[in-house]
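Step one of this worksheet: look at the structure below.
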Amino acid sequence: MPFYVSPEQSMKDKADYARKGIARGRSAVVLQYDGGILFVADNMSRTLHKISELYDRIAFAAVGRYNEFENLRLMGVRFADVRGYAYDRSDVNGRQLANTYAQVLGSVFSESNKPAEVEIVVAEVGDDSDGDQIYRITFDGSVVDERGFLAMGGSAERVSSALKERFDKDAPLGTALVSAMHALKHENGEQRELEASSLEVAVLERDREHRKFRRIQGDRLTRLIDEGHAAQEAEQGSASGSDAAGGGAS
């Protein structure tokens with residue numbers, strides 16, 4: 001005999017199910033830096049990407065079930081290609097793609113027994129930092145227009161709190177990358193060291209011609225991490241020197 005479940009309880013159960021599925025995956029962060037938008041994901045795989053290009057100025061990042069967000073990525077690429085071909089490439093923007101994803105995820109959440117276990121970001125780089133757009137779309141189709149930075153996935157709250165301490169939208173790429181790595185070390189409360197080999201890194205470069213998306217890997221990634229650490233050490237040394245000079249003056 002079938003039993004009755006209230007709509008409120010059904011929605012709560014589906015939301016809890018989706019959150020638990022997403023929390024099992026490792027986190028990713030998206031943040032502005034002085035040259036555009038940086039994406040960093042804790043991802044050991046070299047072939048299964050959490051970060052991808054959608055269109056000329058637009059990128060996609062996701063956490064959760066790979067097969068589900070990969071289908072969403074492909075859908076977004078097709079949507080952008082068709083719209084750009086039918087109208088003009090400049091008519092494709094991040095807000096349209098975010099709204100399309102929101103409609104799809106909202107429909108799945110309300111109409112299907114199993115919700116999508118994914119959380120995604122659509123980001124578009126502008127001509128200046130004020131024109132950057134970062135949209136977070138959750139499993140139930142909610143859209144949040146984020147400012148500056150965000151973290152999503154396994155320990156999003158811890159990672160976001162750690163990132164907030166060091167975030168500077170005018171920081172150079174190396175410094176922004178090291179700040180993102182520092183935040184991702186707080187996954188599940190752990191204090192583990194992240195290596196270049198365990199990171200997936202990409203940028204939307206504001207000054208890059210035509211297609212703004214670029215992956216950063218290999219020697220280039222290692223050099224950027226070294227540059228970021230060196231810049232932070234120099235900044236800390238300068239701050240220590242200033243404090244010592246101030247103490248002597250008093």
Side-chain angles (χ1 to χ4, degrees), residues 26-44 46 50-51 57 59 61 121 123 125-134 146-209 212-250:
R26 293 199 177 276
S27 297
V29 298
V30 181
L31 64 156
Q32 291 177 292
Y33 72 102
D34 66 354
I37 301 174
L38 170 66
F39 304 77
V40 185
D42 190 349
N43 184 11
M44 294 293 293
R46 298 296 90 193
K50 293 182 177 181
I51 304 165
R57 308 171 65 91
V121 164
V125 67
D127 294 330
D128 53 46
S129 62
D130 291 336
D132 292 344
Q133 300 175 37
I134 304 174
E146 300 282 0
R147 297 294 177 185
F149 68 92
L150 67 88
M152 57 181 181
S155 301
E157 290 186 9
R158 288 193 188 98
V159 174
S160 183
S161 295
L163 185 57
K164 185 177 182 179
E165 295 174 0
R166 297 193 176 196
F167 172 71
D168 177 6
K169 73 174 185 177
D170 296 320
L173 180 55
T175 302
L177 175 56
V178 169
S179 296
M181 291 173 62
H182 168 77
L184 288 171
K185 289 198 307 185
H186 292 73
E187 184 81 45
N188 296 323
E190 302 172 0
Q191 285 292 330
R192 61 194 184 90
E193 292 300 322
L194 292 174
E195 303 292 337
S197 59
S198 66
L199 294 175
E200 181 182 357
V201 180
V203 291
L204 286 171
E205 286 185 328
R206 203 180 317 282
D207 295 333
R208 188 178 175 89
E209 291 296 325
K212 308 293 185 180
F213 183 85
R214 179 167 68 95
R215 293 193 182 278
I216 301 176
Q217 50 197 353
D219 292 341
R220 170 63 171 155
L221 177 56
T222 303
R223 286 197 302 272
L224 272 175
I225 293 172
D226 291 341
E227 289 172 9
H229 283 307
Q232 287 196 346
E233 289 171 2
E235 183 178 341
Q236 291 169 359
S238 176
S240 298
S242 298
D243 291 343
S250 62

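For Asp170, the CG atom sits in a packed shell: over 12 heavy atoms of surrounding residues, nucleotides or ligands are nearer than 6.0 Å. Around atom CG of Asp219, no more than 12 heavy atoms belonging to other residues, nucleotides or ligands sit under 6.0 Å away.
Between the Glu205 side chain and the Arg214 main chain, no donor and acceptor come within less than 3.5 Å of each other. Between the side chain of Arg57 and the backbone N or O of Ala123, no donor-acceptor pair lies under 3.5 Å. Panel note: side chain Thr175, backbone Ala171; no donor-acceptor pair is recorded below 3.5 Å. Here the side chain of Lys164 pairs no donor or acceptor atom with the backbone of Ser160 at under 3.5 angstrom.
Shown here for Arg46 and Ser197, the closest heavy-atom pair between the two residues is NH2-O, 3.3 Å. Nearest heavy atoms, Ile51 versus Phe39: CD1-CB, 3.6 Å. Considering every non-hydrogen atom in both Gly36 and Val125, the closest pair reads CA-CG2, 4.0 Å. When all heavy atoms of Ala196 and Ile225 are compared, the pair lying nearest together is CB-CD1, 3.9 Å. Across all non-hydrogen atoms, the minimal contact from Met152 to Ala156 is CA-CB, 3.8 Å. Taking all atoms of both residues into account, the shortest heavy-atom contact from Val29 to Ala151 is CG1-CB, 3.9 Å.
Separation of atoms CG (Leu199) and CG (Leu177) is listed at 7.0 Å; rounding is to 0.5 Å. Distance check: Leu31 CG to Glu146 CD gives 12.0 Å after rounding to the nearest 0.5 Å. Rounding to the nearest 0.5 angstrom, the gap separating the CZ atom in Arg26 from the CG atom in Leu194 is 8.5 Å. Rounding to the nearest 0.5 angstrom, the gap separating the CD atom in Glu195 from the CE atom in Met44 is 9.5 Å. Rounding to the nearest 0.5 Å gives a distance of 12.0 Å between OG of Ser27 and CG of Asn43. Within the model, atoms NE2 of His229 and CG of Leu224 stand 11.0 Å from one another, a figure rounded to the nearest 0.5 Å.
Checked options Leu163, Leu204, Val121; the residue passing with Val30 is Val121 (criterion: side-chain contact (heavy atoms from CB on, under 4.5 Å)).
You'll find the side chain of Phe213 stays beyond 4.5 Å of the side chain of Val203, heavy atoms only.
Under a 4.0 Å N-O distance rule, the pair Arg206/Asp132 qualifies as a salt bridge. Between Lys50 and Glu200 there is no salt bridge, since no side-chain N of the basic residue sits under 4.0 Å from a carboxylate O of the acidic one.
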